[in-house]
Chemist: 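Starting off with a structure, shown below.
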Amino acid sequence: GARRAVSARSHAVAEMASAFVRPTVPSAGPVPKPGSTLMSTGWKEVTLRMFGSGEELTLPVMVASKVWDLKVVLAETLGLSDPNVIDFVFKVGPSYKRHKNHEQLNCKLLVKGIKSFDKVAFEWDHPYVIIGAGMMGLRQAIQYQRAKVDFLQFERKDVVGGNAWAAIANPTSKLQTEGPHYQLQYDPLDRGVNALLSLERYGLWPTRDEILQHMRDMVDEWGIAPNLRLGTQVSDMAIVKAPKSTTAAPDLRDKHFELKWSRRRAGADGAAGDVEEGTFKCSCMCIYPGCLVVPHRKNWPGEEVFGGQIGYGFSQEFDYSRIRGERVIIIGMGAFAHENVRTCVEHGADKVYNIVRRFNLMLPRVVCWWVNQSAQCMPTA
């Protein structure tokens with residue numbers, strides 16, 4: 001076939017090869033005299049031609065490079081676990097000869113054992129697993145759906161939303177991000193500027209209920225429900241190693257995870273039923289436990305004689321209807337503290353005091369900005 005132009009991805013292969021296809025220096029042997037060398041440091045071009053397709057790739061190598069050096073670089077670049085699957089043959093007169101690993105590279109080689117210079121996607125033996133169906137867990141699920149990855153998603157609660165929005169947030173809670181970054185359909189990689197035009201659907205500063213509805217909408221639109229196991233707790237994980245590898249070098253991918261899960265079946269008339277348990281094998285695992293899991297609680301001296309209301313401003317624990325005309329002290333410096341300042345004012349508090357342990361920092365939201373505006377999924381724990 002006619003020689004085709006080297007594509008952009010072949011350029012990437014050539015760049016890696018030019019950086020790494022160098023002769024392997026033996027650990028023992030004769031010591032060269034000062035100012036001399038036992039190996040040629042010159043460069044030459046090697047043209048690789050794919051058997052069966054005629055696809056070609058030309059790349060620079062050092063003159064003294066061995067066949068094994070090039071096999072290793074190609075295997076690493078193309079995502080192959082064993083360099084020995086690659087074979088090089090070259091023409092000698094009217095016949096072809098197989099290149100041995102210890103030989104120096106011929107300038108024109110026919111490549112066998114692989115079908116293309118495209119990077120090979122590794123085929124895993126088991127599905128992927130996502131633990132957690134909050135904001136980041138669902139975003140990860142959408143990415144897997146887009147990439148057509150086989151996966152299963154576990155969530156210990158009976159609803160999506162994660163602990164932050166499904167349990168900790170109050171009905172008066174609102175999202176504190178002035179942009180669409182926190183919405184699951186925000187995708188600057190695939191949609192470009194159009195990803196910024198989704199405000200007409202959910203708007204700025206959506207409430208807790210609007211955010212939970214948004215998550216349910218995205219589960220339906222992206223077809224995540226068949227992969228989602230709600231009310232299922234993953235309690236243990238074991239790493240199961242594969243039998244001894246037969247490849248030249250051990251592959252860290254020759255293992256899988258075995259998860260232990262449990263869920264309570266629904267009984268008659270809505271009563272709790274018995275517990276169902278099982279195991280699930282997966283090759284890859286993404287865990288998004290969230291950061292608002294165990295709220296910090298503190299008992300203050302004098303609470304027993306204080307006449308006013310004492311409570312925590314999350315999980316609907318505080319009765320805001322009782323603060324009209326009253327003075328309120330809020331202890332804390334995070335997002336929920338500031339949210340409660342707003343909520344107390346909206347419910348007619350006479351004055352709100354915010355007590356903060358630091359002198360110059362309130363609402364440290366650097367991590368939140370990083371998570372909300374990231375193109376990739378970021379764990380929040």
Side-chain angles (χ1 to χ4, degrees), residues 129-142 152-177 181-184 202 205-220 224-225 227-235 261-266 270-273 275 286-299 309-322 330-344 346-347 363-365 367-368 371-372 377-381:
V129 156
I130 303 171
I131 298 179
M135 180 60 68
M136 292 296 105
L138 291 178
R139 179 178 281 191
Q140 183 71 70
I142 289 175
L152 200 65
Q153 185 168 19
F154 294 97
E155 168 56 50
R156 63 187 176 92
K157 293 185 178 297
D158 294 326
V159 295
V160 298
N163 202 62
W165 291 107
I168 298 296
N170 297 310
T172 55
S173 298
K174 294 182 180 181
L175 181 65
Q176 300 182 22
T177 299
H181 318 96
Y182 199 76
Q183 297 179 16
L184 287 171
Y202 296 100
W205 301 86
T207 64
R208 178 202 68 176
D209 293 342
E210 290 172 333
I211 291 171
L212 291 175
Q213 183 60 50
H214 162 65
M215 294 186 188
R216 293 191 290 267
D217 292 344
M218 294 299 106
V219 167
D220 293 337
I224 297 173
N227 306 73
L228 188 57
R229 300 294 182 268
L230 295 174
T232 305
Q233 174 76 43
V234 177
S235 58
W261 58 266
S262 63
R263 64 170 172 243
R264 186 171 294 279
R265 295 190 181 98
V275 176
C286 298
I287 304 177
Y288 298 100
C291 58
L292 299 178
V293 180
V294 181
H296 178 66
R297 298 178 181 272
K298 183 177 179 59
N299 293 323
Q309 181 183 187
I310 300 175
Y312 290 84
F314 51 74
S315 301
Q316 305 182 52
E317 293 187 13
F318 193 80
D319 185 2
Y320 296 99
S321 65
R322 294 170 52 190
I330 295 176
I331 301 174
M333 56 184 294
F336 268 95
H338 283 65
E339 173 185 297
N340 276 274
V341 171
R342 184 200 73 232
T343 305
C344 289
E346 291 174 343
H347 282 78
L363 196 59
R365 301 199 55 235
V367 174
C368 293
V371 171
N372 296 352
C377 301
M378 296 293 179
T380 56

Chemist: Working to the nearest 0.5 angstrom, can you tell me the gap between I331 CD1 and N340 CG?
Modeler: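 Here the interatomic distance stands at 12.0 Å.
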Chemist: Any chance you could lay out the side-chain hydrogen bond (donor to acceptor under 3.5 Å, both in side chains) test for Q213 and D217, step after step, and finish with the verdict?
Modeler: CA-CA 6 Å; Q213 183 60 50; D217 292 344; 2.9 Å; yes
Chemist: The criterion is side-chain hydrogen bond (donor to acceptor under 3.5 Å, both in side chains); which residues satisfy it with N227, sequence neighbours excluded?
Modeler: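 side-chain hydrogen bond (donor to acceptor under 3.5 Å, both in side chains) list for N227, sorted by chain: empty.
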Chemist: For a quick test of reading the model, state the closest non-hydrogen atom pair linking A167 to S315 and the distance between them.
Modeler: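 Heavy atoms only, the tightest pair is O-OG, 3.0 Å.
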Chemist: Go through the structure and list residues passing side-chain contact (heavy atoms from CB on, under 4.5 Å) with C344, not counting sequence neighbours.
Modeler: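 Applying side-chain contact (heavy atoms from CB on, under 4.5 Å) to C344 gives Y320, I323, V328, I330, A349, V352.
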Chemist: With a 4.5 Å cut-off on side-chain heavy atoms, are L212 and V159 touching?
Modeler: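 A side-chain contact is absent here, since even the closest heavy-atom pair is not under 4.5 Å.
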Chemist: Between atom CD1 of I131 and atom CD of Q233, what is the distance when rounded to the nearest 0.5 Å?
Modeler: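 CD of Q233 is found 9.0 Å from CD1 of I131.
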Chemist: Does a side-chain heavy-atom distance below 4.5 Å link N170 with E339?
Modeler: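 Side chain of N170 against side chain of E339, heavy atoms only: contact under 4.5 Å found.
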Chemist: Would I142 and L184 count as a side-chain contact (heavy atoms from CB on, under 4.5 Å) here? Give the steps.
Modeler: CA-CA 8 Å; I142 289 175; L184 287 171; 3.9 Å; yes
Chemist: Quick one: list whatever passes salt bridge (Lys or Arg N to Asp or Glu O under 4.0 Å) with R156, sequence neighbours left out.
Modeler: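 Salt bridge (Lys or Arg N to Asp or Glu O under 4.0 Å) check on R156 returns nothing, list empty.
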Chemist: Could you pull out all residues at least two apart from F314 that satisfy ring-ring contact (aromatic ring centres under 6.0 Å, His included)?
Modeler: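 Here the qualifying residues are Y312.
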Chemist: Do you know which two heavy atoms are closest between M215 and G161, and how far apart they sit?
Modeler: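 Smallest heavy-atom distance, with atoms named: SD-CA, 3.2 Å.
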Chemist: Kindly write out the residues that satisfy side-chain contact (heavy atoms from CB on, under 4.5 Å) with R229, not counting sequence neighbours, or none if the list is empty.
Modeler: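 So R229 forms a side-chain contact (heavy atoms from CB on, under 4.5 Å) with L152, F154, T232, R263.
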Chemist: Please report the interatomic distance CZ(R216) to CD1(I211), rounded to the nearest 0.5 Å.
Modeler: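 Reported value, rounded in 0.5 Å steps: 11.5 Å.
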Chemist: Supply the atom-to-atom distance I130 CD1 to L138 CG, rounded to the nearest 0.5 angstrom.
Modeler: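 Here the rounded value is 8.0 Å.
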Chemist: Between T343 and F318, is any pair of side-chain heavy atoms under 4.5 Å apart?
Modeler: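 A side-chain contact under 4.5 Å is absent here.
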Chemist: Between CD of Q140 and CE of M135, what distance do you get to the nearest 0.5 Å?
Modeler: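 Atom-to-atom, Q140:CD and M135:CE are 14.0 Å apart.
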Chemist: Who pairs with D220 by side-chain hydrogen bond (donor to acceptor under 3.5 Å, both in side chains), at least two apart in sequence or on another chain?
Modeler: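 Result, side-chain hydrogen bond (donor to acceptor under 3.5 Å, both in side chains) vs D220: none returned.
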Chemist: If the condition is side-chain hydrogen bond (donor to acceptor under 3.5 Å, both in side chains), which residues does S321 pass it with, not counting sequence neighbours?
Modeler: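 side-chain hydrogen bond (donor to acceptor under 3.5 Å, both in side chains) check on S321 returns D319.
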Chemist: So, using side-chain contact (heavy atoms from CB on, under 4.5 Å) as the criterion, who are the partners of E155 when residues are at least two apart?
Modeler: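 In terms of side-chain contact (heavy atoms from CB on, under 4.5 Å), with neighbours along the sequence ignored, E155 is linked to A133, K157, L230.
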Chemist: Closest heavy-atom contact between S173 and F336?
Modeler: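 It is OG-CE2, 4.1 Å.
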Chemist: side-chain contact (heavy atoms from CB on, under 4.5 Å), that's the test. Do Y288 and R139 meet it? Break it down for me.
Modeler: CA-CA 11 Å; Y288 298 100; R139 179 178 281 191; over 6 Å; no
Chemist: Which residues pass the side-chain hydrogen bond (donor to acceptor under 3.5 Å, both in side chains) test with R208, not counting sequence neighbours?
Modeler: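 side-chain hydrogen bond (donor to acceptor under 3.5 Å, both in side chains) check on R208 returns nothing, list empty.
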